[in-house]
Number of protein chains: 2
Amino acid sequence: MHGTRGGYGCDMRGMLSFQIMWLLSKKEMHGEEIAEEIAKRRGSKPKAGTIYPALKSLEENGVITGEKKGKTVVYSLTSEGKRSVKRAVIYFCRSFGEIFEGSS
Amino acid sequence: MHGTRGGYGCDMRGMLSFQIMWLLSKKEMHGEEIAEEIAKRRGSKPKAGTIYPALKSLEENGVITGEKKGKTVVYSLTSEGKRSVKRAVIYFCRSFGEIFEGSS
DNA sequence: TTAAATATATCGCATGTCCTATACTTGCTG
DNA sequence: CAGCAAGTATAGGACATGCGATATATTTAA
């Protein structure tokens with residue numbers, strides 16, 4: 001039916017590429033690892049068809065790079081990516097910070 | 001070009017309908033007022049072509065109702081909407097909470 | 001009354017984010 | 001070598017979120 005509303009009444013999609021950048025600002029990771037970190041937080045793991053297009057888009061945008069290491073591709077932030085994620089975090093906190101404040 | 005990345009390297013769209021529900025959980029408001037509250041937080045005001053379809057979608061979903069009062073249509077959460085927004089806030093904080101923690 | 005501002009609403013377009021399904025590569029094991 | 005599993009990748013579909021443009025009704029100002 002209207003699949004994307006899981007009992008929340010509203011669409012809770014979004015901010016995937018931002019969350020990926022934020023995770024990579026903590027530690028470099030390969031695709032599957034990133035998906036599992038997101039699963040820990042959101043409760044469900046993004047599928048391959050979700051995560052790899054997002055990584056490709058970020059790479060094309062010059063904020064992450066993927067380095068092939070044997071079986072896996074390890075992604076990390078570029079120096080531009082490091083600057084970008086700082087700005088993104090500021091924007092994110094200004095936009096949604098009080099939602100978090102009010103529920104601790 | 002790739003319009004939606006404003007120097008953040010990633011797409012910062014998303015969570016509009018959630019943010020609307022959250023705002024309405026504080027105070028009932030009409031469309032323009034909601035747009036201005038979002039502008040205060042995000043830095044730019046969502047246009048009419050963004051905000052009204054979102055309100056319509058939330059109304060169709062049964063989580064908000066719009067009541068015509070003179071010039072404006074005042075929106076408020078339905079009782080289902082009030083329950084939904086609580087669940088949505090929990091999901092949101094579990095998904096993104098640590099991003100706020102690390103930047104206070 | 002006419003004009004301007006405010007509020008609501010819709011259309012078309014682009015793109016990100018989700019999914020399922022399919023397929024390829026690599027490394028390991030039998 | 002053959003087969004399997006893990007990881008990577010793309011195609012195609014659905015939908016929310018953005019925009020600009022356009023339109024209408026109502027209120028306020030000139």
Side-chain angles (χ1 to χ4, degrees), chain A residues 1-6 8-21 28-39 41-61 63-75 88 91-92 95-96, chain B residues 1-6 8-21 29-39 41-61 63-75 88 91 95-96:
Chain A
M1 238 106 63
H2 39 46
T4 55
R5 311 184 186 259
Y8 303 119
C10 58
D11 194 319
M12 296 303 287
R13 292 183 302 176
M15 304 289 168
L16 176 66
S17 57
F18 168 63
Q19 191 168 30
I20 291 173
M21 284 181 73
E28 61 174 36
M29 280 179 275
H30 59 90
E32 260 303 305
E33 230 177 327
I34 294 170
E36 279 156 19
E37 289 296 323
I38 290 171
R41 293 162 176 81
R42 299 198 184 189
S44 76
K45 190 168 119 179
K47 308 302 182 243
T50 301
I51 206 84
Y52 291 106
L55 288 167
K56 189 184 178 187
S57 169
L58 288 170
E59 198 164 18
E60 284 168 357
N61 224 257
V63 291
I64 71 172
T65 45
E67 196 187 341
K68 188 146 194 155
K69 285 182 180 170
K71 189 176 175 176
T72 69
V73 180
V74 175
Y75 291 94
Y91 173 83
F92 187 78
S95 298
F96 302 110
Chain B
M1 239 113 55
H2 38 49
T4 55
R5 312 185 187 259
Y8 303 119
C10 59
D11 194 319
M12 296 304 287
R13 290 183 303 175
M15 303 292 169
L16 176 67
S17 56
F18 168 62
Q19 190 167 30
I20 291 173
M21 285 181 71
M29 278 179 276
H30 59 90
E32 261 302 305
E33 229 177 326
I34 295 170
E36 279 156 20
E37 288 297 323
I38 291 172
R41 293 160 176 82
R42 300 198 184 191
S44 76
K45 191 168 121 179
K47 307 303 182 242
T50 300
I51 206 85
Y52 292 107
L55 288 168
K56 189 185 178 187
S57 169
L58 288 169
E59 197 164 19
E60 283 168 0
N61 225 257
V63 291
I64 72 172
T65 46
E67 196 188 342
K68 185 141 194 156
K69 285 183 182 168
K71 186 176 170 176
T72 69
V73 180
V74 176
Y75 291 95
Y91 173 83
S95 298
F96 301 109

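Worth knowing before you read on, the calculation uses all heavy atoms, side chains too, and leaves out hydrogens, waters and symmetry mates. Below, chains carry the letters A, B, ... as their sequence lines are ordered, and counting in each starts from 1.
- If you take CZ of B/F96 and C1' of C/dT17, they are 11 Å apart, rounded to a whole angstrom.
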For nucleotides 7-9 of chain C, list the nitrogen or oxygen atoms of the protein found under 3.5 Å from its nitrogen or oxygen atoms, one pair per line.
from, atom 1, to, atom 2, distance (Å)
C/dT8, OP1, B/V73, N, 2.8
C/dT8, OP1, B/V73, O, 3.3
C/dT8, OP2, B/G31, N, 3.2
C/dT8, OP2, B/E32, N, 3.0
C/dT8, OP2, B/Y52, OH, 2.6
C/dT8, O5', B/Y52, OH, 3.3
C/dA9, OP2, B/Y75, OH, 3.1

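- With sequence neighbours excluded, the residues satisfying side chain to side chain contact (heavy atoms under 4.5 Å, CB included) with B/K45 are B/E32, B/A35, B/E36, B/A39.
- Residue contacts for A/P46: at a heavy-atom cut-off of 4.0 Å it reaches the sugar-phosphate backbone alone, with no base atom in range.
- Looking at B/R13, its side chain comes within 3.5 Å of the base of C/dT15 through a donor and an acceptor atom.
- Residue contacts shown for A/K47 include a base, since a base heavy atom lies under 4.0 Å away.
- Summarising the geometry, the separation between CE on A/M12 and C1' on C/dC19 is reported as 18 Å, rounded to the nearest angstrom.
- Between A/R42 and the phosphate of C/dC18, there is a side-chain N or O to OP1/OP2 separation shorter than 4.0 Å.
- Along DNA chain D, the nucleotide nearest to B/G14 and the one nearest to A/T50 differ in position, and the one closer to the 5' end is contacted by A/T50.
- Contact check, B/S17 against D/dA16: no side-chain N or O comes under 4.0 Å of OP1 or OP2.
- Rounded to whole Å, the distance from OH on A/Y91 to C1' on D/dG18 is 10 Å.
- Taking atom CE of A/M29 as the reference point, atom P of D/dT8 lies 12 Å away to the nearest angstrom.
- Atom CD1 of B/I51 and atom P of C/dC11 are 18 Å apart (whole Å).
- A/G70 comes within 4.0 angstrom of the backbone, heavy atoms only, and of no base.
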